[in-house]
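Worksheet: one structure, shown below.
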There are 2 protein chains.
Amino acid sequence: MKQPARRVTAAMVAEHAGVSTATVSLVANGKSSGRVSKKNEERVLEAIRELGYYVDSIGSSLAKGVSSLVILVAPDISNPFFAKVITGVRSVLGNDYQLLLSVTDAGLSPSAAETRRLLGLRPAGLLVHAPTQEFLDDLAGPLPLVALDAPRIDESIPAVNMDVAQGAEDVVAHFAKLGHTKAAYLDASTGTDTLTVRREAFLAAAQRYGIEVLPSSIDSCMIDVKVASELFEQRWDSWRADGVTALGCATDNHAFGVLHAARKLGLDIPSQLAVAGFDDLPYSATSSPGITSVRLNATEMGRQAALKLREILDGRSPQELQSTLPSSLMVRGSTQPEGAR
Amino acid sequence: MKQPARRVTAAMVAEHAGVSTATVSLVANGKSSGRVSKKNEERVLEAIRELGYYVDSIGSSLAKGVSSLVILVAPDISNPFFAKVITGVRSVLGNDYQLLLSVTDAGLSPSAAETRRLLGLRPAGLLVHAPTQEFLDDLAGPLPLVALDAPRIDESIPAVNMDVAQGAEDVVAHFAKLGHTKAAYLDASTGTDTLTVRREAFLAAAQRYGIEVLPSSIDSCMIDVKVASELFEQRWDSWRADGVTALGCATDNHAFGVLHAARKLGLDIPSQLAVAGFDDLPYSATSSPGITSVRLNATEMGRQAALKLREILDGRSPQELQSTLPSSLMVRGSTQPEGAR
DNA sequence: GCATATTAGTTAAGCGCTTGACGAATCTGC
DNA sequence: GCAGATTCGTCAAGCGCTTAACTAATATGC
């Protein structure tokens, strides 16, 4: 249905149907019940179809003072895990809101300056992945917002988190049960709280379970398979000298790097070193060995965050401002030989 | 810098600075040279800072008839490869345009209906990943658009593609050199041309190189590691019976699935079956064995597409409407034992 | 010294849509 | 048959911004 270059306006539809633009607006927005007769509604709908009209969100947003956009702000979408979050969000938002992604610089916390410009779009709401408190403060102004994966933000801000503490505890308990007494931790150097929380939870749990983690056994690098691989290659000699037999990784991407380096070094996983990660990426189950990992239900996180946002947009205040999703440990070959389970 | 609930308008800035809104607009848009005196410019800037004003894109877009949004429409962002495209696009767009992602249903071609609604936002331009010709026809209307990874669309539409034909040829040539004479192909069942082209190029090259690919040795499934793994498990017996010793995969994700299934089946890769894929994902280099894969430069594709879009937006018509980026074959352990290279 | 540029700034007309206020017509109930 | 309720529609005032057209003041050329 090719259209002429000139865009179709409500006024054109109105003329075509022999009604006012007010009526067109009412019909186009589905607010016609009790305001528009069946007959006129038909004619307008007909005209809309015939001319190929669709509501101009710009004009509409200006008049309403708000758009139907929900913007998901994310610092890093390279993680496959993120696609699941989106699936979850989309399943809830449906056609009522349009979901748009704003990607800020990879690996960092979202940038407030950049995000503030998006506010000019008058989004109906914001979904923010892994924001820092600072980011949220900078944003200022009371606009509907739900944070995802933001374990350390103000309690007054709606958020959906993962139970990382439980996940870390599970990993450590698993290590303990396998008899490990000295561990290392491969961290990620991003400014996000998500990863800080993982590390701290790991260390705290290790202490409780009597597993020693020497400060020198904590090292961090970018979330990148290759970089993690190189770092581990450098560190392994010293860690081994310290008697390290288990390694916690901030992300499965790190664990992949370690697996790769181990192969190069002729180091056997898990007999010489047990490795566990976080995220349970699709690739983690199928690598060799499979990576023992804390599974986080990303789809559900997206779903619940969107649900919470809708509650806010509908004027209901969510009964639970912040919620935490359970995690579960997927035990695989990187900590325990296949068949030994 | 907390703001009062009421949003800051240009009129408020104008009053604060003692000028008209026209002047504020000029300054805020950097069009002040030759129109506004140094002194007034200073005062306006000062007022903007003081009040925390930022241009309302809604009002601005309505007045200008176009926004500063560039929308990247993508059917599937779960592929890690996609993050690179975004990096490339962002590097070119900078701060002049705001990049927003619209994710349509995973694995499918982008939906025109959904996209048409986004047109109400009056985007400055569209970047569309893997569209079909039908999608583009449905969109209708002359708006700045560049397609990415769309090998089969009308020649009049600006696009940046990958040289998949060369990649497929490289894979086949590699198989031939290793002495394989019978191959299978594991395809993906999405409606995108991208993958159709891969398959056809593979088959055509196979014919040229005298490698037989029985029709029954072509099977397809979703792009999902687990699904691919299961399908391969079912097929392998019959393929082996047919004498298949080499397998082309539509994506590296498929190849991962195959690796996983092979391990389960006790099948040695590459000695019993050589496996190659497309995409060269970050994980492909570090799996065991590493996956031989056609590397596609996603960042560059994003960069060039954005560049082309900018040319169009600036009124220059790109000297080359459609361009094709080279691919290169990364040979790894899944086709050739390590050390044998 | 005067016509012409140049510079600085303002006015006001929209851009396309929504919605509260208002009017007219039709329907109730008694 | 009529007051009051109900139904159907339109009017018109914005929403916040941009920009062509215009005015005014100052600089320039000869």
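When reading the values below, keep in mind they use all heavy atoms of this one structure, side chains included, and skip hydrogens, waters and symmetry mates. Each chain gets a letter, A, B and so on, in the order its sequence line appears, and its residues count up from 1.
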### Query
Quick one: salt bridge (charged side-chain N to carboxylate O under 4.0 Å, His left out) pairs with a partner in residues 147-159 of chain B, sequence neighbours left out?
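Qualifying pairs, neighbours excluded: B:R152-B:E200.
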
### Task
Identify whether any heavy atom of B:S20 sits under 4.0 Å from a base atom; if not, whether one sits that close to sugar-phosphate; answer base, sugar-phosphate or nothing.
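It contacts base atoms.
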
Round to the nearest Å and state the distance from [X] atom [atom1] to [N] atom [atom2].
X: B:M12; N: D:dC15; atom1: CE; atom2: P; value: 13 Å
X: A:K38; N: D:dC8; atom1: NZ; atom2: P; value: 10 Å
X: A:N40; N: C:dA24; atom1: CG; atom2: P; value: 18 Å
X: B:L62; N: C:dC17; atom1: CG; atom2: P; value: 9 Å

### Message
Just verifying a value: how many Å separate A:T115 OG1 and A:L145 CG, rounded to the nearest 0.5 Å?
### Response
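Result: 10.0 Å between the selected atoms.
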
### Non-hydrogen atoms of B:L93 and B:A306 that approach each other most closely
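What the structure gives for the nearest pair is CD1-CB, 4.0 Å.
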
### Query
Which atoms form the tightest heavy-atom contact between A:V8 and A:G52, and what is the distance?
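Reported closest heavy-atom pair: CG2-O, 4.4 Å.
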
### Query
Mind checking what makes side-chain contact (heavy atoms from CB on, under 4.5 Å) contact with A:L45, not counting sequence neighbours?
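Checked A:L45 against side-chain contact (heavy atoms from CB on, under 4.5 Å); matches are A:V27, A:E41, A:I48, A:R49.
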
For nucleotides 17-24 of chain D, list the nitrogen or oxygen atoms of the protein found under 3.5 Å from its nitrogen or oxygen atoms, one pair per line.
| residue | atom | partner | partner atom | Å |
| --- | --- | --- | --- | --- |
| D:dC17 | OP1 | B:Y53 | OH | 2.6 |
| D:dC17 | OP2 | B:A10 | N | 2.5 |
| D:dT18 | OP1 | B:N29 | OD1 | 3.4 |
| D:dT18 | OP1 | B:N29 | ND2 | 2.8 |
| D:dT18 | OP2 | B:S25 | OG | 2.5 |
| D:dT18 | OP2 | B:N29 | ND2 | 3.4 |
| D:dT18 | O5' | B:S25 | OG | 3.4 |
| D:dT19 | OP2 | B:K31 | NZ | 2.9 |

### Task
Could you go through the salt bridge (charged side-chain N to carboxylate O under 4.0 Å, His left out) check for B:R310 and B:D96 one step at a time?
CA-CA 10 Å; B:R310 286 204 79 137; B:D96 305 333; 2.7 Å; yes

